[in-house]
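Structure, as structure tokens:
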Amino acid sequence: MSENRTEISDLGEFGLIDRLNEKVVIKNPSSLKGIGDDAAVIDAGDHVKVVSTDLLMEGVHFDLSYAPLPHLGFKAVAVNVSDIAAMNAIPKQITVSIGLSNRFSLEAVEALYEGIYAACDHYGVDLVGGDTTSSRSGLAISITAIGEAKKEQISYRSGAKENDILCVTGDLGGALVGLQILEREKQVFLANPDMKPDLEKYTVVTGRQLRPDARMDIVHELAELEVVPTSMMDISDGLASEIFHICKASGVGATIYEDKLPIDKQTFDTAVELNLDPITCVLNGGEDYELLFTIDQKDFAKLEKHPDVHFIGHVTKAEDGKLLVTKSGTGVQIKAQGWVHF
Ligand code: ADP
Ligand code: MG
């Protein structure tokens with residue numbers, strides 16, 4: 001240890017991970033992909049296994065004053081399945097580790113697991129292990145997901161090529177707007193516990209925040225259409241941040257068009273009500289768990305009519321940078337303001 005002290009907040013989450021990764025030397029030829037993608041890829045003979053893990057901490061990733069425990073259990077599984085989907089692979093097993101404070105009763109743990117079991121059924125995965133410990137700082141949930149794919153079906157972040165088409169699934173910004181509503185209603189409730197939270201108008205956006213669904217449907221449809229994305233990742237930190245990751249890993253640039261960005265009507269209206277710019281919510285809102293991927297132009301016709309895949313732009317040369325073409329036709333540099341917890 002040197003005498004110097006560097007704050008983690010100066011490095012940021014990605015700076016820290018890069019720093020840790022510098023000293024990693026891969027020893028086993030079966031470790032096909034280590035740190036740096038949505039999941040690691042491991043050679044298993046006639047196929048590959050993909051492995052991803054996530055840690056959710058009370059007070060950082062969720063607030064039990066508005067996150068119902070069954071939803072939280074479902075979400076903890078879904079965010080891991082989303083990372084398996086992001087590799088174009090099929091999830092098969094999960095392990096679940098929990099740190100419990102003494103505030104938790106058996107009934108509360110069972111409510112959490114109700115959501116975990118529901119997600120296991122929904123995604124067709126088996127719960128095969130985990131760990132249980134006590135915690136002095138609230139609830140912690142760590143889930144590891146294991147998936148499978150044929151080697152040639154894996155989509156890395158690093159495969160995007162110039163002229164590929166940039167695609168996103170579903171719509172974006174809802175989870176962030178939902179979080180703002182839940183926070184607002186919590187403050188109203190804290191100020192006046194007799195006030196009933198007014199959430200009925202906002203069920204789409206609050207649902208996006210509390211119980212996201214990983215896009216396994218898209219992974220299955222891509223397989224049926226025989227499309228292997230040239231690159232893919234899930235949108236957990238915000239579209240802008242994920243575009244930066246794909247561009248960095250692939251050594252390319254990207255141009256996207258404001259009028260092509262998908263936003264749900266309730267997300268748009270609620271953003272405006274909250275005095276948030278809807279496009280900023282789409283670009284920088286986290287936790288939507290949609291997929292961002294690139295396809296070769298030859299595959300465009302196969303996906304063109306898909307109701308839930310949106311073509312938002314194309315891949316350019318690295319020196320062209322990352323551009324957003326606004327509705328008025330001006331190109332502006334995209335800033336990657338991800339969802340940073342530090
Ligand atoms: P995602 O948002 O898709 O879950 P992250 O941004 O958390 O991915 O992680 C990016 C990469 O860094 C992944 O390959 C992940 O496994 C790796 N990673 C994250 N934290 C650590 C850590 N503490 N030690 C080693 N690898 C890590
Ligand atoms: Mg991911």
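Heavy atoms only: backbone and side chains are in, while hydrogens, waters and symmetry mates are out. Note that ligands are numbered from 1 as they come in the structure, with each ligand's atoms numbered from 1 the same way. For clarity, every value in this text was computed on a predicted model and none was experimentally measured.
- On a distance-only criterion, Gly36 and ligand 1 share at least one N/O pair closer than 3.5 Å.
- Side-chain atoms of Lys201 and Gln266 form no donor-acceptor pair, as typed in the model, at a separation below 3.5 Å.
- Note on ring orientation: taking the six-membered ring where Trp is involved, the planes of Phe311 and Phe300 are perpendicular (angle over 60°, cut-offs 30° and 60°).
- Heavy atoms of Asp54 found under 4.0 angstrom from ligand 1 belong exclusively to the side chain.
- Distances from ligand 1 to the non-hydrogen atoms of Glu242 include no value under 4.0 Å.
- A donor atom on one side chain and an acceptor atom on the other are not found under 3.5 Å apart for Tyr289 and Asp83.
- Within 6.0 Å of atom NZ in Lys186, more than 12 heavy atoms from other residues, nucleotides or ligands are found, so the atom counts as buried in its surroundings.
- Ligand 1 has a nitrogen or oxygen under 3.5 angstrom from a nitrogen or oxygen of Asp38.
- The side chain of Ile17, and not its backbone, has at least one atom closer than 4.0 Å to an atom of ligand 1 (non-hydrogen atoms only; side chain from C-beta on).
- Less than 4.0 angstrom separates some heavy atom of Ile35 from each of these atoms of ligand 1: 12 (O), 14 (O), 17 (C), 25 (C), 26 (N).
- The residue from Val79, Asp83, Asp234 that puts a heavy atom closest to atom 1 (P) of ligand 1 is Asp83.
- Heavy-atom proximity to Phe14, at under 4.0 Å, picks out these atoms of ligand 1: 6 (O).
- The option from Met233, Met87, His245, Arg157 that lies nearest to atom 8 (O) of ligand 1, judged by heavy atoms, is Arg157.
- For the residue pair Glu183/Tyr66, the side-chain donor-acceptor check at 3.5 Å is satisfied.
- Heavy atoms from other residues, nucleotides or ligands lying under 6.0 Å from CD of Glu152 number more than 12.
- In this pair, His314 and Tyr257 present their aromatic rings tilted. The plane angle is within the 30 to 60° band.
- Checking Ser236, Ser241, Ala86 against atom 2 (O) of ligand 1, the nearest heavy atom belongs to Ser236.
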